[in-house]
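Have a look at the structure below before the remarks.
Counting starts at 1 for both ligands and their atoms, following the listed order. Heavy-atom basis, side chains included; hydrogens, waters and symmetry copies ignored.
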Amino acid sequence: MIAKKQHPLVESFVDRLEAGGHRVTGARWAVARAVARQRGHFAADALAQELPGVGRATVFRNIKLMVEMGFVCRVLLGDGRLRYQISHRGHHHHLICSDCGRSEDLLGCDLDSILQDRAADHDFAMEGHWLEVYGRCRACRPQEAAA
Ligand SMILES: [Zn+2]
Ligand SMILES: [Zn+2]
Ligand SMILES: [Zn+2]
């Protein structure tokens, strides 16, 4: 039986699965619990390795489902590697430190109207955008001289 007390992410995912008519299998629970345990971003392969009892394809499929449902974000590192991390909010971007690799959520995006205008110049009906911001976090920057 499934333990009653679950991480809120796991509970919400299971609620959404049930509401959407998806089967809540043991593998789905296991993937959701493993995702909820992650701190920062993670690789799908590493997650699959944490779950030897769940097939790799099942792990990948459920991560994809969690992305589609908005529980997990894709994070593209500066070197092109794709990672995932728990998403707590709606539309946002990530500030990714090139030194320590930490990713922080960047809220308050107002790029949509700018991009809509540019896309319209190409007679292109924009449906969305995805953007990562690379740089250095405070801890990884040399101390700046006080102004
Ligand atoms: Zn995110
Ligand atoms: Zn850093
Ligand atoms: Zn945006």
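- Remark: Arg56 engages Asp45 in a salt bridge, criterion side-chain N to carboxylate O under 4.0 Å.
- Follow the hydrophobic side-chain contacts under 4.5 Å out from Leu82 and you reach Phe71 in the same cluster.
- Centred on the Zn ion (ligand 2), the SG atom of Cys97 and the SG atom of Cys100 lie at an angle of 110°, reported to 10°.
- Seen from the Zn ion (ligand 1), atom SG on Cys73 and atom NE2 on His94 lie at an angle near 120° (rounded to 10 degrees).
- In this structure, SG of Cys140 and SG of Cys137 enclose an angle of 100° at the Zn ion (ligand 2), rounded to 10°.
- A tilted orientation is assigned to the rings of Phe42 and Tyr84, their planes being inclined by 30° to 60°.
- Among Arg74, Gln85, His41, the single residue meeting the side chain to side chain contact (heavy atoms under 4.5 Å, CB included) criterion with His94 is Gln85.
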Problem - Derivation and outcome, side-chain contact (heavy atoms from CB on, under 4.5 Å), residues Ser103 and Arg83 - result: CA-CA 10 Å; Ser103 160; Arg83 293 286 184 266; over 6 Å; no

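- As for His129, its N/O/S atom nearest the Zn ion (ligand 3) is the one called NE2.
- For His91, the N/O/S atom at the shortest distance from the Zn ion (ligand 3) is named NE2.
- For His93, every N, O or S atom stays at 2.8 Å or more from the Zn ion (ligand 1).
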